Amino acid sequence: MAGLIGRYEIDLLSLALIFGMFALSLDLAWGITGILSLGHSAYFGLGAYMMGFALREFMIYGPPPEPSVMNTYLGLALAIIVPGALALAIGFIGFYGRVRSIYFGLIVLALTLILEKEIIDLYFITGGTNGINNIPKMAIGIGDWASLVLRSPVQFYYAVLLIVFITYLFTRKLVNSPFGRVLIAIRENEERVETFGYNTLKYKLIAYVISAQIAGIAGALFAPLNVIVTPTLFNLVSAAQVFVWVIVGGQGTLIGPLMGAVVLKFIEAWLGDLFKQEYIIILGALLILIILFLPRGLIGSLITTQYQQTRRLIKRKG
Amino acid sequence: LVGVNELFLMFMNALGTFVFFTLIALGLMVIFGMMKIINMAHGEFFMLGAFVAWACVNFGLGFWIGLILAPIIVSIIGMSIEKLIIRKLYKIGELSTLLATWGLSLAITQIVTLMFGGQPRFMPNPLPFRLDLVFFTYPAYHVFAILVGIAIIVSTVLLFFKTKFGVMARATIQNAEMASALGINTSRMYLLTFGLGTGLAAAAGALMSPMIAVKPAMGIDFLARSFFIVILGGLGNIPGTVAAGAVVGGSESMLTSLLPLEFGQGGIFSSPAVLAQTLVLIMVALLMLIRPEGLFVKRR
């Protein structure tokens, strides 16, 4: 494999999959459950920072420590706990306060933007605009005496592939379970689900926390791959581009957003650094054009979902 | 304890913040309240206004001409965008307009960055002296900007409550279908409203341009605050928007001057300005928990 394609291409593949996982997490919250989390990138960014902190043993200035199994596991744990806790707090206020969906989205977006400012401001702890640099590689195993440092891009790629695959299977299983059916029903008509006696707020809160945690894990994988994490993870472009991925893929299809992110990441890489500014214009134009002409998303328009099939069946019989 | 001078200065700063925030939020509210369009690109129209003023200074037309040209040029841009894009979104729903205007916001910011570069630029002060206000002195341009801002806010409120346009506009806010049945050309109302909303943002941008750094990303900072004000003020409630502007702008400005300056010098707290914004965000979130329909709307 390494003979055919270079390190750069393998790293790009890992990166695309990580962003695919991030898009998947937003799809669980927004596409499936209908929670408009406009600042979902906050959870991804927090996951990345937590992993960065842990791998650097919380000393962001000075030489980086050796890769260690304990640091990796601590980073993963923090990348699940911290975004989860934040989502729990915001979700609790938003859902139990019965804040309108769009207002909720705007509050989450404002939170992401304020996190960016706080991280830049608290440079003593976070490294400011320079972020956390020289993040060591991850190491897996049962202890530092029996560990495998994911040094080569191929090793890291397989680890990412495995995690993304498991996450995808997990979310698909979740969505197809009775729990997931309730989530879809909440998206379609929350009031009606409530009259059936379901505690919709609890369902939404659980879905939102799981979604934030998946985003956090994706962020945690991003940190060692990218070697540095900066506050730009929390800016408006980062927040918007995950929505573009989900919309391009077709919201509520799970595999669509994952593919959407991978495809767009490759297009971005193909355009290269020279066209970084133009790429953002393309992202913006894509968002407008798809909303106007393909409301079901680019890939979503091509594949019919189970939901549509059932609808068609009902129509034919009725 | 703070002295009388500091108290007056604090009051003037808070008044300025209130006026500018309200001016931007009013434009957003007019579009949001009337057209049910969540205009994520509103901050970009504010930025464009500041850029028109900057361009006028740079190309020799002078700041004052820029101040007048900015709302005109930007509302023409705004109305063109309404005709090209926004018009097609009314039927698709709130969420789609939010996402499409978000795309618009990204595109406008990047186009301006490509054309002029992303670096911040500072404009010369058009009134470089301090006014003697009996108890204390205050920069003359700030006083001018506050007065002009108040004048624009008052005329907007009057426009909505004292003119025929206002009656038709408020009718469209309350029930667009009914208004259209009664012979109001709602699509023309929408066009004019969008022009008015973007023009207000541009006026705020041009007015503030000598006081802040002019850069393509400057709109983002004001977007979140304007949305807070609109949400707290209640949908389609113009006096409520002004009052919410006082709550958000006033508390942010007061907190910024009251928090100790030592914050943000490498301690565990961020600088007063950022900490104040964070606290205001938390305050707004909690207020929304208590009053989801807006601060000044009776709960059903």
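Protein chains get the first letters and strands the later ones, always in sequence-line order, with residue 1 at the start of each. Values in this document were obtained by computation on a predicted structure and should not be read as measured data.
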Open item on the list: Can you tell me how the ring of A:W30 sits relative to the ring of A:F243, calling it parallel under 30°, perpendicular over 60° and tilted otherwise?
Closed with: tilted
TODO: Measure A:I90 against the heavy atoms of chain B and call it side chain, backbone, both or neither at under 4.5 Å.
DONE: neither
Task: Segment of B:I282 engaging chain A (4.5 angstrom heavy-atom cut-off) - done: neither
Open item on the list: Which atoms of B:T101 are under 4.5 Å from chain A, going by heavy atoms: the side chain, the backbone, both sets, or neither?
Closed with: neither
Open item on the list: For the interface with chain B, which of A:G284, A:A285, A:G94 has the highest count of heavy-atom pairs at distances below 4.5 Å?
Closed with: A:G284
TODO: Could you tell me which portion of B:I38 (side chain, backbone, both or neither) has an atom closer than 4.5 angstrom to a non-hydrogen atom of chain A?
DONE: side chain
Task: Most contacts with chain B, counted as non-hydrogen pairs under 4.5 angstrom, among A:I102, A:V99, A:L289 - done: A:I102
Open item on the list: Would you say the ring centers of A:Y43 and A:F22 fall short of 6.0 Å from each other?
Closed with: no
Task: Spatial distance of atom OG (B:S80) from atom CG (B:L191) [nearest 0.5 Å] - done: 8.5 Å
Open item on the list: Tell me whether the rings of B:F222 and B:F46 are parallel (<30°), tilted (30 to 60°) or perpendicular (>60°).
Closed with: tilted
Task: Under 4.5 Å from a heavy atom of chain A, the part of B:T113 involved - done: side chain
Open item on the list: Please report whether the ring centroid of A:Y96 lies less than 6.0 Å from that of A:F92.
Closed with: yes
TODO: Tell me, for A:L113 versus chain B, whether the close heavy atoms (under 4.5 Å) come from the side chain, the backbone, both or neither.
DONE: side chain
Open item on the list: To the closest 0.5 Å, what do you measure between OG (B:S251) and CG (B:L258)?
Closed with: 11.0 Å
Task: Winner by heavy-atom pair count (cut-off under 4.5 Å) against chain B, out of A:L115, A:I114, A:I107, A:V244 - done: A:I114
- [ ] Would you give the length of the straight line joining atom CG of B:L106 to atom CD of A:Q241, rounded to the nearest 0.5 angstrom?
- [x] 9.0 Å
Open item on the list: Working to the nearest 0.5 angstrom, can you tell me the gap between B:T198 OG1 and B:H42 NE2?
Closed with: 8.5 Å
Task: A:L236 portion near chain B, given a 4.5 angstrom heavy-atom threshold - done: both
TODO: Pick one of side chain, backbone, both or neither for B:L98, based on which atoms fall under 4.5 Å of a heavy atom in chain A.
DONE: side chain
- [ ] Kindly assign one of parallel, tilted or perpendicular to the pair A:H40 and A:Y208, based on the angle between their ring planes and the thresholds 30° and 60°.
- [x] tilted
- [ ] Identify which part of A:Y103 has an atom lying under 4.5 Å from any heavy atom of chain B, answering side chain, backbone, both or neither.
- [x] both
- [ ] With a 4.5 angstrom heavy-atom cut-off, could you sort out which part of B:L114 is near chain A: side chain, backbone, both or neither?
- [x] side chain
